[in-house]
Amino acid sequence: MKEIAILGSTGSVGQQTLDIVRRFKNQFSVKLLAASKFSETLQKQIKEFRPEYVYIEHLNEDINVDNTKLLTGKEGIEFYSSLDIDLFINAISGINGIYPTYCVLKNNKKLATANKEAIICLGEILKEKYSQILPIDSEHSAIFQLLEKTKKEDISKIIITSSGGPFFKYPKEKLKEVTVEQALNHPKWKMGKKITIDSATLMNKGLEIIEAHYLFNINYDKITAVIHPQSIIHGIVELVDGTLFANLSSTDMRYPISYALFYPERREIGIEKLDLVKLGKLEFYEPDYEKFPLLKISVEAGKKGGAYPIVLTVADEYLVNKFLNGEISFLDISYFIEKVLNSVKFKDPKNIDDVFAVIKNTENLLEELVG
Ligand code: MN
């Protein structure tokens with residue numbers, strides 16, 4: 001029995017993780033479920049998986065969860081991250097996942113994470129702990145699997161694929177009027193709202209390049225992105241002799257999730273296998289850096305390091321929420337991110353308090369700038 005904790009259990013990755021756990025009930029015991037708020041979904045999960053602990057960030061009403069111990073607040077995170085649990089799965093969306101990631105890694109626990117924002121924001125202060133991480137982000141899981149079969153000195157490049165998002169073929173001049181609904185209509189992946197908007201701006205690919213830099217300790221000049229609309233190849237490793245190793249599977253997050261859950265073993269997980277003939281062709285295109293400026297802006301912020309990747313991540317999350325609420329336009333996201341990055345003069349973070357100070361200061365700056 002593997003004892004697991006699922007942080008962000010009611011979100012897209014959290015629910016898909018529980019889908020797999022449900023299939024392999026006799027191999028996993030869910031010791032903790034964590035969510036930002038109480039919901040019907042969480043209640044059902046508690047009933048089905050009977051965790052010993054439930055963490056709820058916003059615990060503001062009388063909640064009846066019989067037979068489970070309720071946790072909340074910073075102390076709750078510090079407590080659960082010290083528990084004797086075989087694998088923590090971080091399926092939290094956005095910067096909310098930073099403190100749980102920090103505590104789990106600090107306590108030297110095994111972490112499988114889809115929470116790229118936390119990896120990026122903690123990269124400067126915690127990167128020596130990143131070898132404990134099993135990536136769930138599909139591209140990074142693919143590359144992780146390929147790197148396990150490769151000698152580090154043989155690698156000349158890693159290539160991350162992108163579907164291109166819903167606006168891959170959309171005229172640039174019409175981007176200023178796209179609606180929230182259009183931006184949420186992702187052609188390949190069904191995901192949470194934040195990452196879906198990031199996929200429409202290609203910010204997600206920029207964040208993934210920074211994520212890869214920290215996770216795999218690889219220089220930025222050796223990481224590139226390529227548009228691959230079929231989303232069948234998730235990651236490619238290029239070797240010094242020109243050989244390419246690629247990782248292919250159908251577009252389903254349960255592949256990287258199950259890889260992390262069963263690591264280092266593999267299981268038949270009941271997803272229809274890829275039919276290459278039915279698929280027919282795989283296409284690749286250069287990203288349109290003019291149409292999607294955030295791809296370059298984000299990688300530049302990554303290269304600068306220090307507080308920049310944090311400012312980038314925080315600004316993006318803030319602005320994506322504003323866009324989702326109908327308060328700013330689609331193009332305002334990149335406009336304000338660039339503006340914020342240009343006006344930053346924060347010192348390099350040295351510890352977790354510094355990281356949270358950068359977050360707070362960036363949010364204050366955004367309040368002033370955007371409202
Ligand atoms: Mn991804």
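Both ligands and their constituent atoms are indexed starting at 1 by order of listing.
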Tyr220: what forms a side chain to side chain donor-acceptor pair (under 3.5 Å) with it, not counting sequence neighbours? none
Sorted by chain and number, protein N/O/S atoms nearer to the Mn ion (ligand 1) than 2.8 Å are Asp137 OD1, Glu139 OE1, Glu208 OE2
For the pair Asp252 (side chain) and Tyr255 (backbone), establish whether a donor and an acceptor sit closer than 3.5 Å, ignoring hydrogens and angles. no
Please list, chain by chain and in numerical order, all residues satisfying side chain to side chain donor-acceptor pair (under 3.5 Å) with Tyr308, sequence neighbours excluded. none
Side chains of Asn107 and Ser82: any donor to acceptor distance under 3.5 Å? no
Should the ring pair His140 and Phe216 be called parallel, tilted or perpendicular, given that the plane angle runs from 0 to 90° and is split at 30 and 60? parallel
Using a 4.5 Å side-chain heavy-atom cut-off and chaining through intermediate ILVMFWY residues, the residues clustered with Leu276 come out as Ile159, Val226, Ile232, Ile233, Ile236, Leu244, Leu248, Leu274, Leu279, Leu282, Phe284
